[in-house]
Protein chains: 2
Amino acid sequence: MRVTIKDVAQAANVSVSTVSRVLSNKENFFASKTADHVRKVAADLGYQRNAYAADLASHQSDVLAVVISATKSNFADEIIAGIHDVATKHGNSVMILYAGENNPTLQDKAIKTVIERDVMGVLIVALELGDESLNSLKTSGIPHIFLSTAAKENLGPFIASDDHAIGYEATKYLIEHGHRKIGLVGMDEQSFVGAQRMNGYREAMAKHSLSIDEDWLVPGYFTFEDGEAAMQHFGKQPAVTAIIANSDLTAIGVIDQARDYGLEVPAQLSVMSIDGTKLTRIFRPTITSVTQDFFQIGRAGCAALLTGDNEPIQSKFLPIKVVERNSTRQL
Amino acid sequence: MRVTIKDVAQAANVSVSTVSRVLSNKENFFASKTADHVRKVAADLGYQRNAYAADLASHQSDVLAVVISATKSNFADEIIAGIHDVATKHGNSVMILYAGENNPTLQDKAIKTVIERDVMGVLIVALELGDESLNSLKTSGIPHIFLSTAAKENLGPFIASDDHAIGYEATKYLIEHGHRKIGLVGMDEQSFVGAQRMNGYREAMAKHSLSIDEDWLVPGYFTFEDGEAAMQHFGKQPAVTAIIANSDLTAIGVIDQARDYGLEVPAQLSVMSIDGTKLTRIFRPTITSVTQDFFQIGRAGCAALLTGDNEPIQSKFLPIKVVERNSTRQL
DNA sequence: CAAGTATACGCAAACGTTTGTGTTATTGTT
DNA sequence: AACAATAACACAAACGTTTGCGTATACTTG
């Protein structure tokens with residue numbers, strides 16, 4: 001049997017309540033002499049508090065849940081690192097739950113788990129939650145925030161990059177570097193993110209009076225393979241001079257396939273990625289990207305959940321920037 | 001206030017115990033008619049069970065904890081995927097805790113969290129636990145297993161690849177392909193893993209009567225930057241014809257730096273990596289690797305923890321294999 | 001039909017905390 | 001010296017479940 005607060009109380013010759021208050025540092029409730037004694041006894045006995053019992057009694061947990069898609073992209077690590085960065089400072093525990101890839105069953109399971117555990121907050125990362133899961137979460141009253149998924153309509157508060165701006169800026173960059181025929185690879189029109197980015201692309205093209213051949217738009221879903229497949233679609237003599245890929249991995253797929261076709265990047269084809277994770281720096285050529293600050297997204301999201309006040313959480317976009325590397329060139 | 005089991009009982013006109021038994025599917029304790037009724041009422045009321053209360057009362061949680069280093073290598077995802085694969089099938093929840101990089105404070109915090117929550121098992125991934133954390137874990141009596149870290153001495157049960165074999169096989173492969181001067185990059189002699197791999201390397205060299213120049217051994221710690229730095233150490237005219245890197249990322253660092261020196265891989269230098277994650281397939285040239293089966297390591301580890309029996313967990317090595325790709329050549 | 005046995009359910013204790021309130025000893029005020 | 005105020009602690013209820021045990025009813029069986 002584990003040693004409980006009762007054992008400590010007995011051994012220290014004080015009441016259970018005193019032990020509880022000492023151990024959870026409720027100031028002004030005990031003499032410092034007693035406190036020292038209690039702490040010593042607890043340590044000697046190897047007391048470990050039972051978080052379940054504590055949470056049950058106090059109705060508040062100190063754990064933050066991160067619900068995340070088992071994403072084939074790779075920025076999640078940075079977001080999680082950001083979350084941990086601030087959670088650790090606040091003394092909160094973080095528990096991560098995978099919700100699969102557009103898998104409603106797994107999503108429900110994950111959401112159910114966090115609700116059952118009555119966590120103090122939920123961070124939903126790179127996931128477009130199904131209606132059912134979303135409803136459970138809403139009615140549970142647990143504070144939550146979407147990270148890296150600007151919410152369609154009033155899904156809830158989010159912290160993300162502006163996907164419309166991402167599409168726009170990438171396109172603008174390429175146009176300003178002389179490109180007129182620009183491909184778009186890996187966007188999923190069904191998803192909010194994909195649609196937004198595509199809108200940004202269209203707007204930038206329109207603004208510069210450039211027309212779009214719908215054949216330049218190759219849908220997909222963030223993966224390396226999507227990039228490869230898209231490049232196969234374009235073929236050995238692509239109709240475009242530049243391609244915007246929906247993730248760093250997708251860009252790599254495009255570049256690899258281009259190389260297999262004997263096409264030089266960027267000499268014969270410029271490729272630009274969205275995300276700007278470390279991959280863009282270790283791959284050769286290094287990849288020009290619209291870079292998102294995932295670490296800060298994680299930090300900001302976590303901080304938003306931890307500000308004790310009861311204000312509704314403010315959604316916001318964090319700045320993005322185009323980082324020029326070696327996979328694009330001036331035409 | 002959330003709706004509790006009591007509310008359900010009242011609304012369904014049965015006792016709390018019946019509701020409990022119905023909702024947790026304790027067979028042979030209720031009539032199926034009652035069960036249907038109770039379930040319906042519970043659903044109508046939007047009942048969500050309180051996992052804390054349940055765990056507290058039953059003394060058993062259904063959550064598995066994964067304690068993981070915020071590793072700069074990238075195989076963790078695959079291990080986690082494997083863990084989830086079997087955990088999901090068993091209906092267990094998985095919570096992931098980051099323990100930093102050789103950061104005793106964070107380790108203690110993570111271990112403390114899992115003990116406080118009295119989880120049903122702990123999977124320690126790619127982490128050499130400090131003595132203190134290890135002791136807490138051991139005295140807590142919570143079943144645990146080390147993944148991808150063959151334990152020095154009697155740390156506890158593990159499932160991993162045989163690091164000695166990894167070093168040996170990599171070296172053997174290169175020797176069989178005509179290499180005599182083989183560099184070793186990124187091994188940390190202090191760590192058990194690094195030492196083992198190095199031993200394997202030495203043994204393979206010795207077995208083929210090849211002597212080692214200590215200058216070929218460049219220590220490090222799994223990162224891309226370690227690879228770059230090591231290659232800078234070797235310089236533009238490396239004394240070795242082949243290099244074994246301690247991770248895929250490290251290998252990429254080596255190759256990138258080699259390329260910057262104008263050295264062609266594999267024409268002028270063969271590079272081989274350890275791990276065999278997806279990186280080895282998307283990078284160009286594709287990278288010959290000693291491939292570990294991380295997914296299976298995750299699966300096996302999780303399964304070991306979930307076999308209800310009280311047998312002590314058996315440590316074991318999972319097979320590795322050399323996968324030939326395009327970063328090495330016959331000399 | 002009596003006696004035994006399932007079956008279906010309820011009662012209440014227990015899990016290990018937190019916390020509002022009650023109690024006693026101590027200090028301060030006039 | 002009398003009384004109020006405060007400090008330091010203890011008591012006990014509450015949190016929402018699970019589960020051993022008890023009991024009433026229905027079903028067997030010889």
What is the separation between atom CG on A:D55 and atom P on C:dT19, rounded to the nearest whole Å? 11 Å

Any residue of residues 34-50 of chain B with a heavy atom less than 4.0 Å from an atom of DNA chain D: B:Y47, B:Q48, B:R49, B:N50

To the nearest angstrom, the NZ-P distance between B:K33 and D:dA26 comes to 12 Å

Can you tell me if A:T18 touches the phosphate of D:dA10, counting only side-chain N or O atoms and a distance under 4.0 Å to OP1 or OP2? yes

Regarding B:S15 and B:T18, is there a side-chain donor-to-acceptor distance under 3.5 Å anywhere? yes

Quick check against the 3.5 Å criterion: does A:S24 have a side-chain atom that pairs as donor or acceptor with the backbone of A:S20? yes

Whole-Å distance, B:Q10 CD to C:dG10 C1', equals 15 Å

It should be established whether A:S20 places a side-chain nitrogen or oxygen under 4.0 Å from OP1 or OP2 of nucleotide C:dT18. yes

Within the distance-only criterion (no hydrogens, no angle test), does the side chain of A:S61 pair as donor or acceptor with the backbone N or O of A:V63 below 3.5 angstrom? yes

For the residue pair B:F317 and B:F158, does the interplanar ring angle fall in the parallel (under 30°), tilted (30 to 60°) or perpendicular (over 60°) class? tilted

Residue pair A:V16/B:S15 against DNA chain C: nearer the 5' end by closest nucleotide is B:S15

Value in whole Å for how far the P atom of D:dT18 lies from OH of A:Y52: 14 Å

Would you verify whether the NZ or CZ of A:R21 falls within 45 degrees of the ring axis of A:F30 while also being under 6.0 Å from that six-membered ring's centre? no

Which whole-number value in Å describes the distance from B:L23 CG to D:dT19 P? 14 Å

At under 4.0 Å, does any side-chain N or O of A:K26 touch on OP1 or OP2 of C:dT18? no

NA contact type, B:V14, heavy-atom cut-off 4.0 Å: base, sugar-phosphate, or nothing? sugar-phosphate

Value in whole Å for how far the P atom of C:dT17 lies from CG of B:D118: 11 Å

Ignoring hydrogens and geometry, is there a side-chain-to-backbone donor-acceptor pair from B:Q48 to A:S140 under 3.5 Å? no

Audit row: A:I115, B:R2, side-chain contact (heavy atoms from CB on, under 4.5 Å) steps and yes/no: CA-CA 11 Å; A:I115 295 178; B:R2 281 166 66 138; 4.2 Å; yes

Sugar-phosphate only, base, or nothing, as touched by B:D7 at under 4.0 Å among non-hydrogen atoms: nothing

Heavy-atom side-chain proximity of A:D108 to A:E132 below 4.5 angstrom: yes

Report yes if some heavy atom in the side chain of B:V86 is under 4.5 Å from a heavy atom in the side chain of B:L306; otherwise report no. yes

Quickly work out the A:I5 CD1 to C:dC15 P distance and round it to whole Å. 14 Å

Can you tell me if the side-chain N/O atoms of B:T4 get under 4.0 Å from OP1 or OP2 in D:dG16? no

Hey, is the side chain of A:S58 poking within less than 4.0 Å of OP1 or OP2 on C:dT18, counting only N and O atoms? no

Can you figure out which of C:dT18, D:dG16, C:dG16 approaches the side chain of B:A57 most closely? D:dG16

Checking A:S69 side chain against A:A126 main chain: does a donor-acceptor pair fall under 3.5 Å? yes

Integer-rounded Å distance: D:dG16 P and B:H59 NE2: 19 Å

Could you go through nucleotides 20-26 of chain C and list every protein N or O atom that sits under 3.5 Å from one of its N or O atoms, giving the distance for each pair?
{"from": "C:dG20", "atom 1": "O6", "to": "A:R21", "atom 2": "NH2", "distance (Å)": "2.6"}

